[in-house]
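In what follows, a structure is listed as structure tokens, so that the remarks can point back to it.
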Amino acid sequence: MRPPTDRDELVSRARDLAGRPLSELATGLGLPVPVDLRRDKGWIGQLVERALGATGGPRELCDFPHLGVELKTIPVDGGGRPRESTWVCVAPLDGSLARSWDRSRVCRKLARVLWVPIRGEGPPGERVVDRPRLWRPTAAQEARLRADWEALAELIELGEWWQLTARHGQVLQVRPKAASSRELVWVLDEEASWVRTNPRGFYLRRSFTAEVLATRG
DNA sequence: CTTTGATCATAC
DNA sequence: GTATGATCAAAG
């Protein structure tokens, strides 16, 4: 699939997918449809990426670098409400975290997001693409994200990440992000000593994405 | 039912 | 091992 030329084309393509079951998208791309997602958790996201012509790889900041747009599929229930929190990016505990919100990966990733809700809870192939929303945080939303990020970042910078749990943050939270809890990375503690702990990542709370999907569009 | 903490596959 | 794509599953 050719990458979309501009944001209008991207949105137009996403709108064309609305109402279509994922099995149809997969067939069109010649991809197999898993029976469930237990061993294919990233299947829906990667399917929609390909269906829309995303080009950004692991080294890019977002899925459509030339458009400055990050793509997020999000599972929703019959009422269009998110069923899960949303992964944003890793939360480095090794001193490499950005010093300011504006330079943070959270801020940059969320600067422009194309949300593609996926409706349904049954077999992946039977789930249906919902109406997409091209979103930029409102000033108020960004202020909340920033406040949370700064509070979380301060704990991390002080080496007090061990105090961090998913209960911190009103809209943005830090949770484990790894293949398993046995996975360890080197990080700095409060005495600036290198120690090992589990990798963490930033996630958007469900209540926040619910608000995002409910407004606009 | 909702939230927190844990986990799975793949590319490089 | 790091980063991508997330959902699973145990707790509350």
Side-chain angles (χ1 to χ4, degrees), chain A residues 1 14 22 25-26 29 31-65 69-79 81-98 104-106 108-110 113-127 129-130 148 152 161-187 194 196-211 213:
Chain A
M1 171 72 70
L22 299 185
L25 272 63
L29 293 167
L31 298 173
V33 180
V35 174
D36 62 55
L37 297 179
R38 274 182 297 183
R39 295 191 174 272
D40 294 275
K41 295 182 181 180
W43 184 75
I44 294 178
Q46 287 153 6
L47 176 69
V48 175
E49 278 182 0
R50 292 184 60 167
L52 293 176
T55 57
R59 300 168 62 95
E60 302 286 354
L61 182 66
C62 56
D63 298 297
F64 298 93
V69 175
E70 170 73 7
L71 173 66
K72 287 289 179 199
T73 59
I74 183 167
V76 297
D77 62 21
R81 193 180 164 78
R83 296 173 42 221
E84 290 281 356
S85 53
T86 300
W87 156 254
V88 181
C89 61
V90 295
L93 309 180
D94 63 354
S96 68
L97 185 69
S104 72
R105 295 176 55 186
V106 175
R108 294 184 180 192
K109 280 243 172 189
L110 299 182
V113 177
L114 179 66
W115 297 98
V116 179
I118 305 296
R119 198 178 291 257
E121 313 182 17
E126 295 178 14
R127 302 185 191 186
V129 180
D130 212 333
D148 278 352
L152 297 167
W161 42 263
W162 48 268
Q163 295 184 25
L164 260 180
T165 75
R167 294 172 182 79
H168 290 79
Q170 302 293 306
V171 297
L172 187 70
Q173 62 183 168
V174 170
R175 302 220 308 272
K177 167 64 173 177
S180 88
S181 57
R182 297 181 297 278
E183 200 165 297
L184 299 171
V185 289
W186 288 101
V187 306
W194 289 100
R196 300 255 268 170
T197 190
N198 307 116
R200 320 292 169 91
F202 287 108
Y203 293 80
L204 293 177
R205 286 188 182 279
R206 200 165 68 123
S207 52
F208 183 73
T209 52
E211 175 191 316
L213 294 183

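Chain identifiers are assigned alphabetically (A, B, ...) following the order of the sequence lines, protein sequences preceding nucleic acid strands; residue numbering begins at 1 within each chain. Nothing here was measured: the structure is a model prediction, and the numbers come from that model. Because only heavy atoms are used, hydrogens play no part in the values below, and waters and symmetry mates are left out as well, while side chains stay in.
Side-chain proximity of A:Val90 to C:dA3, C:dT7, C:dG5: nearest is C:dA3. In this structure, the nucleotide among B:dT4, C:dA6, C:dT7 sitting nearest to the side chain of A:Arg205 is B:dT4. Considering only the side chain of A:Trp87, C:dT4 comes nearest among C:dA9, C:dT4, B:dA9.
Counting any heavy atom pair closer than 4.0 Å across all strands shown, A:Glu70 reaches sugar-phosphate atoms only and no base atom. Residue A:Arg50 is classed as having no contact, given no heavy-atom separation below 4.0 Å to the nucleic acid. Contacts of A:Pro75 with the nucleic acid, taken as non-hydrogen atoms under 4.0 Å apart, involve only primed sugar atoms and P, OP1 or OP2.
For B:dA9, one of the phosphate oxygens OP1 or OP2 lies less than 4.0 angstrom from a side-chain nitrogen or oxygen of A:Arg39. Proximity of A:Arg206 to the phosphate of B:dT2: a side-chain N or O atom is located under 4.0 Å from OP1 or OP2. For A:Thr86 and C:dA6, the shortest distance from a side-chain N or O to OP1 or OP2 is not below 4.0 Å.
Side chains of A:Trp115 and A:Thr86 form a contact here, defined as non-hydrogen atoms less than 4.5 Å apart. Looking at A:Arg39 and A:Pro34, their side chains never come closer than 4.5 Å, going by heavy atoms from C-beta outward.
When each of A:Arg83 and A:Gly42 is assigned the nucleotide of DNA chain C with its nearest heavy atom, A:Gly42 is the one assigned upstream, toward the 5' end. DNA chain B is contacted by both A:Leu164 and A:Arg81; A:Arg81 maps to the nucleotide lying nearer its 5′ end (nearest heavy atom per residue).
In this structure, A:Asn198 atom CG and B:dG5 atom P are separated by 11 Å, rounded to whole Å. C:dA3 atom C1' lies 7 Å from atom CZ of A:Arg105, rounded to whole Å. Regarding A:Leu47, its CG atom lies at a distance of 19 Å from the P atom of B:dA9, rounded to whole Å. Going from atom CG of A:Leu37 over to atom C1' of B:dA6 covers 17 Å, rounded to whole Å. A:Asp40 places its CG atom 19 Å from the P atom of B:dT7, with the value rounded to the nearest Å. Distance A:Glu183 CD to B:dA6 C1': 11 Å, rounded to the nearest Å. Atom CD of A:Gln46 is separated from atom P of C:dT7 by 11 Å (rounded to the nearest Å). One atom, OH of A:Tyr203, and another, P of B:dT7, lie 12 Å apart when rounded to the nearest Å.
The shortest non-hydrogen separation linking A:Gly79 to A:Arg119 is N-NH1, 4.0 Å.
To the nearest 0.5 angstrom, A:Asp36 atom CG is 10.5 Å from A:Lys41 atom NZ. Atom-to-atom distance recorded for A:Leu25:CG and A:Arg127:CZ is 14.0 Å, nearest 0.5 angstrom.
Qualifying side chain to side chain contact (heavy atoms under 4.5 Å, CB included) partners for A:Pro176, counting only residues two or more places apart in sequence or in other chains: none.
Within 6.0 Å of CZ in A:Arg182 there are 12 or fewer heavy atoms belonging to other residues, nucleotides or ligands.
The backbone N or O of A:Ala166 sits less than 3.5 Å from a side-chain atom of A:Gln173, completing a donor-acceptor pair.
A heavy atom closer than 4.0 Å to some atom of DNA chain B occurs in A:Thr165, A:Ala166, A:Arg167, A:Gln173, A:Arg175, A:Pro176, A:Lys177, A:Ala178, A:Ala179, A:Ser180, A:Ser181, these being the qualifying members of residues 165-182 of chain A.
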